[in-house]
Amino acid sequence: MKEFSVLLAEIPIDIRVNFDSTEYFLREYITEKKGIFGINVTTEDIEYEKAIYRENEAKEGICSRNYPEEYLETLSLYRKIAEIMPFYNVFLIHGAAVAYEDEAYLFTARSVVGKTTHVQNWLKVFKDNCKIINGDKPLIKISDKCVYVCGTPWQGKENYGNNLIVPLKSICVLKRGNENRIAKAKYSNEISTLLPQIYKSRDARSYSQTIELFERMTRLVPLYKLECTKDKESAVIAYNMMK
């Protein structure tokens, strides 16, 4: 077993895992600080992740694949972290976040809509002044008056991300379109898209805390809806409206 601590969203966490590769995966987030809570990933946890994959593949009608246990351990670890983080004013969201001029912009959508393509366009347009905080599963940290996007090592298959914590300026729901256009949106109109992108625990207390944090975020951060093409102009249009 490997034992060490990591710092995620400024929360120190003691980690106990089975594989050296997991420690390497977390290398940029390892800290000397003692954790305020601990996570232990067991072989049973890994089997649980395997079962979830098989269930999802069966629903989608695709052939079952054999995922390495090392990979499944990283998924189990993040799931267990996400179960506890809401009690520390942090929750997990599926989305891609960029930082530009010391402010963060978060883009979320259903799968395969084009979040990665869109944040790549931000890099093309704003170049070295822009960084991807996380391309897949950032953490959202909420204080009394501010919301932050926090980098994590769970960055998606493209592995886009940086160990950054940046104030969140705006959130945007992405839709595919034949032209680029953006408008202010109401959270109430986009709830069917937004809520499925948030990790929600089966534990009632953790679930309730997550929803409370989400509601706090809606009061602090404006929401936009962007219909966009793959053209890099979409990044310019998004920024000019969301800044």
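Met242 is not listed as a side-chain neighbour of Leu226, based on a closest heavy-atom distance of 4.5 Å or more. Residues Phe214 and Leu195 form a side-chain contact, since some pair of their non-hydrogen atoms from C-beta on lies under 4.5 Å apart. For the pair His118/Lys115, no side-chain contact is recorded, criterion being any heavy-atom separation below 4.5 Å from C-beta on. Side-chain contact between Ile39 and Ile84 is present, with at least one heavy-atom pair separated by less than 4.5 Å. Considering only heavy atoms from C-beta on, Arg110 comes within 4.5 Å of Ser192 through its side chain. Residues Ile140 and Val149 form a side-chain contact, since some pair of their non-hydrogen atoms from C-beta on lies under 4.5 Å apart. Two residues are said to be in side-chain contact when any heavy atoms from C-beta on lie closer than 4.5 Å; Pro86 and Ile211 fail this criterion. In this structure, Pro167 and Cys146 have side chains that are in contact, with non-hydrogen atoms separated by less than 4.5 Å.
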Exercise for the section: Evaluate the criterion side chain to side chain contact (heavy atoms under 4.5 Å, CB included) for residue pair Asn134 and Gln155; output intermediate values, then yes/no. Expected result: CA-CA 6 Å; Asn134 188 283; Gln155 299 169 350; 3.6 Å; yes
Practice task
Just do the side chain to side chain contact (heavy atoms under 4.5 Å, CB included) check on Val173 and Leu194 with the steps written out, would you?
Solution key: CA-CA 8 Å; Val173 174; Leu194 290 167; 3.9 Å; yes
Practice task
Applying side chain to side chain contact (heavy atoms under 4.5 Å, CB included), run through Arg79 and Tyr48 and close with a yes or a no.
Solution key: CA-CA 11 Å; Arg79 185 185 301 279; Tyr48 176 73; 4.0 Å; yes
Exercise for the section: Report the C-alpha distance between Phe19 and Tyr24 in whole Å, list the side-chain angles of each, state the deciding distance to 0.1 Å, and finish with yes or no for side chain to side chain contact (heavy atoms under 4.5 Å, CB included). Expected result: CA-CA 9 Å; Phe19 299 107; Tyr24 182 78; over 6 Å; no
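Other residues, nucleotides and ligands contribute only 12 or fewer heavy atoms inside 6.0 Å of the OH atom of Tyr207. Atom CG of Asn240 has more than 12 neighbouring heavy atoms from other residues, nucleotides or ligands inside a 6.0 Å radius.
The structure places CG of Leu220 at 10.0 Å from CD1 of Ile171, a figure rounded to the nearest 0.5 Å. Remark: Thr74 OG1 to Phe25 CZ distance equals 5.0 Å, nearest 0.5 Å. Taken to the nearest 0.5 Å, the CG atom of Asn129 stands 9.5 Å off from the NZ atom of Lys131. Note that CD1 of Ile30 is 11.5 Å distant from CG of Leu7, once rounded to the nearest 0.5 Å. Atom-to-atom distance recorded for Ile11:CD1 and Leu8:CG is 9.0 Å, nearest 0.5 angstrom. In this structure, CG in Leu72 is found 7.0 Å from OH in Tyr53, a value given to the nearest 0.5 Å.
Taking the centre of each ring, Phe126 and Tyr239 come in below the 6.0 Å mark. Centroid-to-centroid, the aromatic rings of Phe37 and Tyr88 come within less than 6.0 Å.
There is no path of hydrophobic side-chain contacts, each under 4.5 Å, that joins Ile133 to Val90. Residues Phe91 and Val221 are members of one and the same hydrophobic cluster, defined by side-chain heavy-atom contacts under 4.5 angstrom among Ile, Leu, Val, Met, Phe, Trp and Tyr. Residues Tyr148 and Ile81 do not share a hydrophobic cluster, defined by chaining ILVMFWY side chains whose heavy atoms lie under 4.5 Å apart.
Judged by distance alone, with hydrogens and angles left aside, the side-chain atoms of Ser206 form no donor-acceptor pair with the main-chain N or O of Phe87 at under 3.5 Å. With hydrogens and angles disregarded, a donor-acceptor distance shorter than 3.5 Å links the side chain of Lys200 to the backbone of Ile198. For Asn18 (side chain) and Val41 (main-chain N/O), a donor-acceptor pair under 3.5 Å exists by modelled atom type. Under a 3.5 Å cut-off, the side chain of Ser208 and the backbone N or O of Arg205 do not form any donor-acceptor pair. Looking only at distances, no side-chain donor or acceptor of Ser5 sits under 3.5 Å from a matching main-chain atom of Pro12.
Smallest separation of non-hydrogen atoms from Asn180 and Cys228: OD1-CA, 3.2 Å.
Listed by first and then second residue, the salt bridge (charged side-chain N to carboxylate O under 4.0 Å, His left out) pairs involving residues 185-199 are Glu190-Lys225 (not counting sequence neighbours). Counting only residues at least two apart or on different chains, no salt bridge (charged side-chain N to carboxylate O under 4.0 Å, His left out) pair has a member in residues 230-243. Residue pairs meeting the side-chain hydrogen bond (donor to acceptor under 3.5 Å, both in side chains) criterion with at least one partner in residues 158-172, sequence neighbours excluded, are Gln120-Tyr160.
Side chains of Ser21 and Glu70: no donor on one and acceptor on the other come within 3.5 Å.
The pair Lys50-Glu47 counts as a salt bridge, with a side-chain nitrogen and a carboxylate oxygen less than 4.0 angstrom apart. No salt bridge links Glu227 with Lys175; every basic N to acidic carboxylate O contact stays at or beyond 4.0 Å.
The ring pair (Phe, Tyr, Trp, His ring centres under 6.0 Å) with Trp154 is formed by just one residue from the set Tyr71, Tyr78, Tyr199, Tyr29; it is Tyr78. Put simply, the residue from Tyr100, Trp122, Tyr224 that forms a ring pair (Phe, Tyr, Trp, His ring centres under 6.0 Å) with Tyr105 is Trp122. Checking each of Leu106, Leu123, Ile132 against Val98 for a side chain to side chain contact (heavy atoms under 4.5 Å, CB included) leaves exactly one that passes, namely Ile132.
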